Amino acid sequence: MRAITHLRSLLSEALAGMGIPWPEKTTIEPPRDATFGDLATNVAMMAAKAAGKKPRDLAEALRQSIMAADPGLTAEVAGPGFLNVTFPPAFWQATIADVLEKDAGGGYGRSDLGGGKKIQVEYVSANPTGPLHIGHGRGAALGDTLARILRAAGYDVSTEYYINDAGRQMRLLGDSIWLRYRELHGRDVVWPEDWYKGEYIIDLARELSDLHGADLFSMPEEKATAICQTYGVDSIMAGIKKDLADFRVSHEVWFSEKTLVSGGRVETTLSDLKSRGLAYEKDGALWFASQNLGDDKDRVLRKSSGELTYFASDICYHADKFARGFEVVVDIWGADHHGYVPRMAAAVQALGKSPDSLRVILVQLVNLLRGGEQVAMSTRAGKFETLADVVAEVGADAARFMFLSRKSDSHLDFDLDLVKRQTMDNPVYYVQYAHARVKSLFAKATERGIAAGTPDAALLSRLVTPEDLGLLRQIEQFPDVVATAAATFSPHVISYYLRDLAGRLHSYYAAHQVLATGDEELTRARMHLLDAVARVVRAGLALLGVSAPEKMERSEP
RNA sequence: GGGCAGUUAGCUCAGUUGGAUAGAGCGUUGGCCUCCGGAGCCAAAGGCCACAGGUUCGAAUCCUGUACUGCCCA
């Protein structure tokens with residue numbers, strides 16, 4: 001971050017001196033090949049046209065200009081007009097002080113990219129009709145981590161869970177519990193086609209029975225099923241909250257659909273749409289004119305039976321989000337809901353918001369495997385691996401890291417046996433080990449009475465090997481990586497970065513002695529380097545919601 | 001029949017939004033300190049970036065078409 005910021009300001013001053021505006025599409029980034037230098041920029045190629053010069057000629061002019069402005073830099077013109085820039089070792093050594101200072105004051109890696117913009121992330125939002133399964137876990141890990149990353153990048157983030165506690169699915173839940181309750185008490189039961197068959201329904205019925213005995217039979221069936229429904233929703237929501245907490249996933253706001261519907265607010269939204277000509281009555285139903293707004297066809301808001309659709313409350317819900325002042329609203333959905341995106345986008349437009357104020361992130365399905373064999377999942381049939389079971393089996397750290405190691409829009413094979421394995425198939429341990437290794441080294445240093453002391457510039461000037469500078473460059477990039485992850489809504493770039501950093505640390509460890517250098521100054525300098533690396537590893541893992549242990553416990557020999 | 005997503009090494013996947021010789025891990029093969037934790041390190045082999053066109057100084061990346069795979073909708 002420091003390097004790119006510094007170079008950008010030098011270049012833009014140089015360009016301004018020539019009367020050329022800064023080209024929007026300029027990139028400044030580490031080149032693929034390290035022999036090209038620390039940073040490479042295509043600015044001369046981008047600005048060549050405006051400057052009326054050949055790219056290489058402009059690059060040469062810029063080269064001289066920035067080297068005059070900062071004599072520590074070296075720069076070369078390469079290829080079609082790249083400018084390759086190399087910073088002096090002292091610049092990279094100063095990264096350590098930067099890490100220490102920021103780590104103490106709120107966290108290294110933070111930036112103000114978001115500029116305090118209010119953004120909301122809504123995730124999981126599973127219907128309270130059963131426990132969370134592994135697929136919800138992926139959305140949960142993604143949403144929770146994305147929120148952490150956006151906060152680190154300077155956004156004002158609020159997290160939310162939308163509880164679908166109104167409508168048909170809820171009645172179905174109440175009825176299912178009621179039928180199980182009847183069954184428990186030996187009453188005759190006619191099983192309908194559509195009901196929740198999971199074991200947990202029987203548990204709920206049994207709990208109700210313990211609570212009320214046979215009292216439910218003494219009241220009208222309507223009231224009894226209502227009691228069943230309320231009890232079921234409350235109990236299932238409590239379970240969901242616990243499962244999420246165990247997975248280190250939090251939500252600041254739990255928003256109930258029922259409060260929208262029963263408060264009449266959905267009707268208010270609908271009449272508003274109607275008055276603006278965006279909704280109309282036809283065949284006894286109320287329709288949303290979404291086709292004019294990019295959807296395939298118009299959608300029903302209120303059926304001829306008078307029942308409101310989920311879509312109607314979803315529009316109202318999003319109107320509420322925007323009314324609360326969020327500039328951007330992020331919805332994380334399972335990929336099987338992708339057909340829902342165009343109508344929601346149409347709704348956002350109907351609410352008078354720009355299309356980019358809604359960002360829908362689709363999370364592809366999770367293929368749950370055990371030893372390469374597929375594990376079947378179906379909520380209705382009651383056969384599935386719950387998130388709680390998976391977390392209990394493999395641990396939150398390993399599960400989160402696995403979910404966050406893939407782009408959200410690609411399918412994920414989640415093999416329980418593999419996620420438990422403590423090898424490189426499963427890099428969470430590799431990254432955690434890098435942190436533990438440094439900590440363990442420091443414990444050893446304390447034992448031997450070695451203290452790192454103050455990391456002043458003179459001491460750090462001893463860090464000059466390619467491995468020293470490689471590590472320094474990499475930790476210097478961490479704030480850029482966080483910014484990229486935030487800008488592209490891609491938590492997985494953090495986990496890839498951490499794997500690289502851990503790899504470099506392990507290589508360093510094998511290549512260089514730290515405590516036994518026979519040179520006290522060098523030892524202390526290297527301790528500061530590794531301390532900074534460990535802080536960055538910990539900061540990165542914290543963004544992923546993964547712990548950074550002081551020592552690794554081997555669970556199997 | 002429409003729509004969305006995907007296709008990169010034997011396998012699982014990255015690829016910084018169009019840059020220089022396409023990268024990791026696993027697996028395979030061969031090495032490593034009586035040493036700060038070997039859960040580690042070093043190296044080799046392995047590629048028509050699904051296929052065919054197009055856009056430009058430059059394409060795995062953007063556009064069009066085709067073929068498979070998964071999902072959604074009629």
Side-chain angles (χ1 to χ4, degrees), chain A residues 4 25-37 39-42 45-46 48-49 54-56 78-82 84 295-297 299 333-343 360 362-365 367 369 372 402 405-415 418 421-434 436-448 450 467 477 480-481 483-485 487-488 490 492-493 495-497 499-500 502-517 523 526-527 530 549 551-557:
Chain A
I4 291 176
K25 299 187 82 174
T26 299
T27 58
I28 301 177
E29 55 198 17
R32 188 159 284 159
D33 188 335
T35 62
F36 291 143
L39 289 176
T41 178
N42 63 355
M45 291 181 292
M46 293 297 144
K49 203 173 224 173
K54 289 181 189 163
R56 285 194 62 107
F82 287 104
N84 294 335
D295 197 6
D296 295 344
K297 55 181 185 184
R299 305 288 173 177
W333 295 350
D336 51 338
H337 291 87
H338 77 258
Y340 214 72
V341 176
R343 79 189 68 166
V360 178
L362 297 173
V363 181
Q364 281 293 346
L365 301 181
N367 227 349
L369 308 171
M402 178 56 72
S405 296
R406 293 278 186 284
K407 288 184 298 192
S408 57
D409 57 4
S410 59
H411 289 265
L412 172 66
D413 285 342
F414 191 102
D415 192 312
L418 189 143
R421 214 179 294 155
Q422 300 181 354
T423 67
M424 266 308 277
D425 287 335
N426 187 20
V428 63
Y429 295 106
Y430 184 78
V431 175
Q432 289 182 320
Y433 180 43
R437 227 174 179 177
V438 174
K439 289 296 168 186
S440 153
L441 195 74
F442 273 68
K444 187 74 77 179
T446 307
E447 249 174 58
R448 296 187 188 175
I450 304 171
E467 292 81 13
Q477 281 172 24
D480 298 310
V481 172
T484 300
T488 58
S490 306
H492 75 275
V493 308
S495 55
Y496 276 89
Y497 169 82
R499 228 162 67 170
D500 285 349
R504 211 179 267 275
L505 185 274
H506 290 310
S507 296
Y508 186 91
Y509 188 88
H512 296 291
Q513 291 282 315
V514 176
L515 299 184
T517 54
T523 288
R526 288 183 173 170
M527 285 173 74
L530 294 200
K551 59 172 72 164
M552 304 298 285
E553 308 284 348
R554 193 190 277 274
S555 64
E556 292 164 39

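Quantities reported herein were computed from a predicted structural model and do not represent experimental measurements.
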Considering only B:G38, B:A14, B:C71, which nucleotide approaches the side chain of A:Arg437 most closely? B:G38
When rounded to whole Å, the CZ to P distance for the pair A:Phe442 and B:C36 reads 17 Å
Nearest to the side chain of A:Leu441, which nucleotide is it out of B:C41, B:C36, B:A20? B:C36
Whole-angstrom distance between B:U61 and B:A22, as gauged at atom P: 14 Å
What does B:C57 pair with, Watson-Crick or G-U, if both distances are under 3.5 Å? B:G19
Measure the distance from CE on A:Met45 to P on B:U56 and round it to the nearest whole Å. 17 Å
Considering every strand and a 4.0 Å limit on heavy-atom distances, what is the contact class for A:Asp295: base, sugar-phosphate, or nothing? nothing
Which of these nucleotides, B:G37, B:A20, B:G6, is closest to any side-chain atom of A:Asp409? B:G6
Across all strands, who's sitting opposite B:A45 as a Watson-Crick or G-U wobble pair, both distances under 3.5 Å? none
On RNA chain B, more 5' by nearest nucleotide between A:Thr27 and A:Lys297 is A:Thr27
Any idea which of B:A20, B:C72, B:G15 is nearest the A:Pro31 side chain? B:A20
Does A:Tyr430 make a side-chain N or O approach to OP1 or OP2 of B:G38 shorter than 4.0 Å? no
Sort out the partner of B:C11 for me: Watson-Crick or G-U wobble, both distances under 3.5 Å, none otherwise. B:G25
Selected nucleotide, minimal atom distance to A:Thr484 side chain, candidates B:G3, B:U16, B:G19: B:U16
Classify the nucleic acid contact of A:His506 as base, sugar-phosphate or nothing, counting any heavy atom under 4.0 Å across all strands shown. sugar-phosphate
Applying the 3.5 Å cut-off to both distances, the Watson-Crick or G-U partner of B:C68 turns out to be B:G6
Are the side chains of A:Leu515 and A:Met527 in touch, meaning some heavy atoms are under 4.5 Å apart? yes
With distance as the sole criterion, do the side chain of A:His411 and the base of B:G6 form a donor-acceptor contact below 3.5 Å? no
Paired nucleotide for B:U34 [Watson-Crick or G-U wobble; both distances under 3.5 Å]: none
Have a look at A:Ala78 and say if it touches a base, only the backbone sugar-phosphate, or nothing, with a 4.0 Å heavy-atom cut-off. base
Should the side chain of A:Asp336 and the base of B:A5 be counted as holding a donor-acceptor pair, with the cut-off at 3.5 Å? no
Let me know, please, whether A:Lys444 or A:Thr488 comes out on the 5' side of the other along RNA chain B by nearest nucleotide. A:Thr488
Return no unless some side-chain N or O of A:Thr523 is found under 4.0 Å from OP1 or OP2 of B:C36. no
State which of B:C13, B:G19, B:A39 makes the closest approach to the side chain of A:Tyr433. B:A39
Can you tell me which residue among A:Lys551, A:His506, A:Met552 is in a side-chain contact (heavy atoms from CB on, under 4.5 Å) with A:Arg437? A:His506
Does the side-chain ring of A:Tyr496 sit on the six-membered ring of the B:A24 base, less than 5.5 Å centre to centre and under 30° in tilt? no
Is A:Thr517 reaching over with its side chain to a backbone N or O of A:Gln513, donor-acceptor style, under 3.5 angstrom? no
Answer syn or anti for B:U17, where the cut-off is 90° from 0 on the glycosidic torsion. syn
Look only at the side chain of A:Asp295 and the backbone of A:Pro342, and say whether a donor-acceptor pair between them is shorter than 3.5 Å. no
Compare the minimum distances between each of B:G3, B:A20, B:G37 and the side chain of A:Met552, then state the nucleotide with the smallest one. B:G37
Side chain of A:Val514, heavy atoms from C-beta onward: which of B:A20, B:U12, B:C36 has the nearest atom to it? B:C36
Using a 4.0 Å heavy-atom cut-off across all strands, classify A:Met402 as base, sugar-phosphate, or nothing. nothing
Give one of base, sugar-phosphate or nothing for A:Ala445, where a contact means two heavy atoms less than 4.0 Å apart. nothing
What nucleotide among B:G6, B:C71, B:A20 has an atom nearest to a side-chain atom of A:Leu365? B:C71
Considering only heavy side-chain atoms of A:Ser507, the closest of B:A74, B:G3, B:C41 is B:C41
Compare side-chain N and O positions of A:Ser440 against OP1 and OP2 of B:G37 and report whether any pair is under 4.0 Å apart. yes
Relative to the ring of A:Tyr496, is the ring of A:His492 parallel (under 30°), tilted (30 to 60°) or perpendicular (over 60°)? perpendicular
Suppose we define a pair by two distances each less than 3.5 Å, Watson-Crick or G-U wobble; what does B:G1 pair with here? B:C73
Gap between atoms NE2 and P, on A:His492 and B:A24 respectively (whole Å): 17 Å
